[in-house]
Protein chains: 2
Amino acid sequence: MAYRRTERVVARFNARREAIVEAAKELAAEAGMEAVQIAQVAARANIAAGTVYRYFPSKNELVAALVEGIAARELAVMRHAAMVAPGPLSALAAAIVTFAARSRRQHKLIWAVLAEPVDHDIGALRISCRKTLAAEFEARIAAAIAGANLPEQDSALTSVALLGALLEGLVGPLAPEPGDDWKMRDSVQALTLNALRGLGVVDARARGLVVQAAWPKEAAA
Amino acid sequence: MAYRRTERVVARFNARREAIVEAAKELAAEAGMEAVQIAQVAARANIAAGTVYRYFPSKNELVAALVEGIAARELAVMRHAAMVAPGPLSALAAAIVTFAARSRRQHKLIWAVLAEPVDHDIGALRISCRKTLAAEFEARIAAAIAGANLPEQDSALTSVALLGALLEGLVGPLAPEPGDDWKMRDSVQALTLNALRGLGVVDARARGLVVQAAWPKEAAA
DNA sequence: ATGAAGCGCGAATCATGGTTCATTCCTTGG
DNA sequence: CCAAGGAATGAACCATGATTCGCGCTTCAT
């Protein structure tokens with residue numbers, strides 16, 4: 001026998017699999033989803049097209065791995081930011097500003113993953129990712145309502161709208177071109193303020209200052 | 001000679017051209033952009049595939065006609081609603097609620113036209129449509145700021161976010177399934193309130209009542 | 001060292017869907 | 001009514017991009 005599941009072999013397998021996803025991620029971040037083609041991904045990863053199929057049964061599986069990876073990462077960072085906040089409202093603000101800031105930084109990638117045209121099968125996966133992100137917001141909003149920090153409202157609806165506002169305003173094609181760091185910080189600050197006010201925060205401006213202070217730490221990749 | 005540019009011929013040409021766009025629109029509204037294929041459009045319009053090319057030089061031109069038609073219509077209705085409003089803030093509220101209500105009703109079509117996956121060339125056209133809609137909101141917001149009805153803010157940014165919130169919250173795949181008329185009215189009402197508050201309207205609830213009253217008339221197709 | 005079992009290759013194949021064009025069908029002006 | 005020429009047809013064609021597969025090359029267990 002030969003080529004058993006020795007750990008050296010497994011390690012190499014995982015490493016190359018990772019490299020393929022990474023190549024796909026780079027392409028998505030640089031040129032959008034349409035550039036994520038097997039041939040290009042393979043070239044970027046220095047392998048042949050056919051080899052990709054030794055690691056993923058289909059292109060959709062590859063894209064799924066990419067999308068889920070990004071979504072899971074962003075969700076984790078958002079959760080962490082919310083977790084270290086002192087109260088429900090601060091947690092909500094932290095989740096919003098964290099998502100906003102990171103999305104602004106990685107806008108091409110986030111757009112590609114969450115909103116850009118793809119195959120029908122991927123569409124469904126993407127919807128579930130958006131749903132997950134929206135659910136995170138919803139949980140924070142619901143908690144704030146429960147704590148009487150926000151007025152009664154349909155949190156399912158407002159959380160989805162919140163996600164839409166952030167995506168469209170910060171990462172979509174209509175979003176202001178990403179300029180210097182300060183400009184980006186301003187837009188994140190402004191939209192966060194806008195969102196919090198919309199949810200019913202009365203002293204949103206004061207919260208905004210907290211947000212401002214939180215920026216440099218939270219925005220790190 | 002035969003077949004001169006007689007008006008009868010021209011009329012028939014226009015009618016069929018219109019029928020083709022209408023067929024495309026139906027398909028988009030029923031099954032999304034991916035169902036808008038030359039073969040299907042032709043079948044729906046009771047003509048052969050090749051015939052489509054006598055009316056449109058390419059599929060993109062056809063889709064462009066479809067998209068631009070929808071966008072122009074929605075924009076016109078929005079403008080009209082705003083025009084008959086008594087003041088800048090009411091005009092803004094009217095524009096928002098009109099767009100929201102109509103989008104909710106035609107959510108599949110609006111989604112297909114403004115957000116669903118398509119060919120790269122169409123992508124650019126779509127961006128310009130979204131830009132036009134956002135610009136309409138922006139003008140209303142700017143007017144309200146000028147009239148001291150809204151606090152100072154980056155209207156370009158908030159208008160885009162507003163569009164995103166409405167699209168995601170009311171027509172996107174995460175939007176609540178369109179139920180009975182009252183449910184839809186509630187969601188439109190809630191998001192409008194949310195949006196106005198976000199923009200800095202303090203008595204948003206009162207404005208919401210105006211919105212409520214305006215519904216039946218404005219929502220007509 | 002050796003050979004069995006995977007691996008990597010990349011040109012060929014397949015699927016999809018837009019576009020073309022030789023042929024046939026109609027409408028119109030006389 | 002007739003012929004001239006535009007309109008309609010739809011099967012064939014083409015472009016794109018995912019997927020397959022037979023052939024050598026590596027690596028591991030002995």
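Values below: every heavy atom of this structure, side chains too, minus hydrogens, waters and symmetry copies. Since we're looking at a predicted model, the values are computed, not measured. Letters A, B, ... mirror the listed sequences (proteins, then strands); counts begin at 1.
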Legend entry - Lys/Arg-Asp/Glu bridge criterion (N-O < 4.0 Å) met for A:D181, A:R105: yes
Inset, instruction - Keeping the roles fixed (side chain from A:T51, backbone from A:I47), state whether a donor-acceptor pair exists under 3.5 Å. - result: no
Inset, instruction - To the nearest Å, give me how far apart CZ (A:F56) and P (C:dC7) are. - result: 14 Å
Legend entry - Salt bridge present between B:K108 and B:E30 (N-O < 4.0 angstrom): no
Legend entry - Nearest-Å distance for atom pair CZ/P, residues A:F13 and C:dG8: 9 Å
Legend entry - Lys/Arg-Asp/Glu bridge criterion (N-O < 4.0 Å) met for A:R44, A:E22: no
Inset, instruction - Please name all residues satisfying side chain to side chain contact (heavy atoms under 4.5 Å, CB included) with B:E136, sequence neighbours left out, ordered by chain then number. - result: B:L75, B:M78, B:R79, B:R140
Inset, instruction - In whole angstrom, give the distance that lies between atom CZ of A:R17 and atom C1' of C:dC7. - result: 16 Å
Using the 3.5 Å cut-off, write out each protein N or O paired with an N or O of nucleotides 13-20 of chain D and the distance between them.
{"from": "D:dG17", "atom 1": "OP1", "to": "A:Q37", "atom 2": "NE2", "distance (Å)": "3.3"}
{"from": "D:dA18", "atom 1": "OP1", "to": "A:K59", "atom 2": "NZ", "distance (Å)": "2.7"}
{"from": "D:dA18", "atom 1": "OP2", "to": "A:I38", "atom 2": "N", "distance (Å)": "3.2"}
{"from": "D:dT19", "atom 1": "OP2", "to": "A:Y53", "atom 2": "OH", "distance (Å)": "2.4"}
{"from": "D:dT19", "atom 1": "OP2", "to": "A:K59", "atom 2": "N", "distance (Å)": "2.8"}
{"from": "D:dT19", "atom 1": "O5'", "to": "A:Y53", "atom 2": "OH", "distance (Å)": "3.2"}

Inset, instruction - Specify the separation, in whole Å, of atom CZ of A:R16 and atom C1' of C:dC7. - result: 9 Å
Legend entry - Pairing residues for A:F56 by the ring pair (Phe, Tyr, Trp, His ring centres under 6.0 Å) criterion, not counting sequence neighbours: none
Inset, instruction - Please report, rounded to the nearest Å, how far the C1' atom of C:dC7 is from the OH atom of A:Y55. - result: 7 Å
Inset, instruction - Rounded off to whole Å, could you give me the CZ-to-P distance for the A:R54 and D:dC25 pair? - result: 16 Å
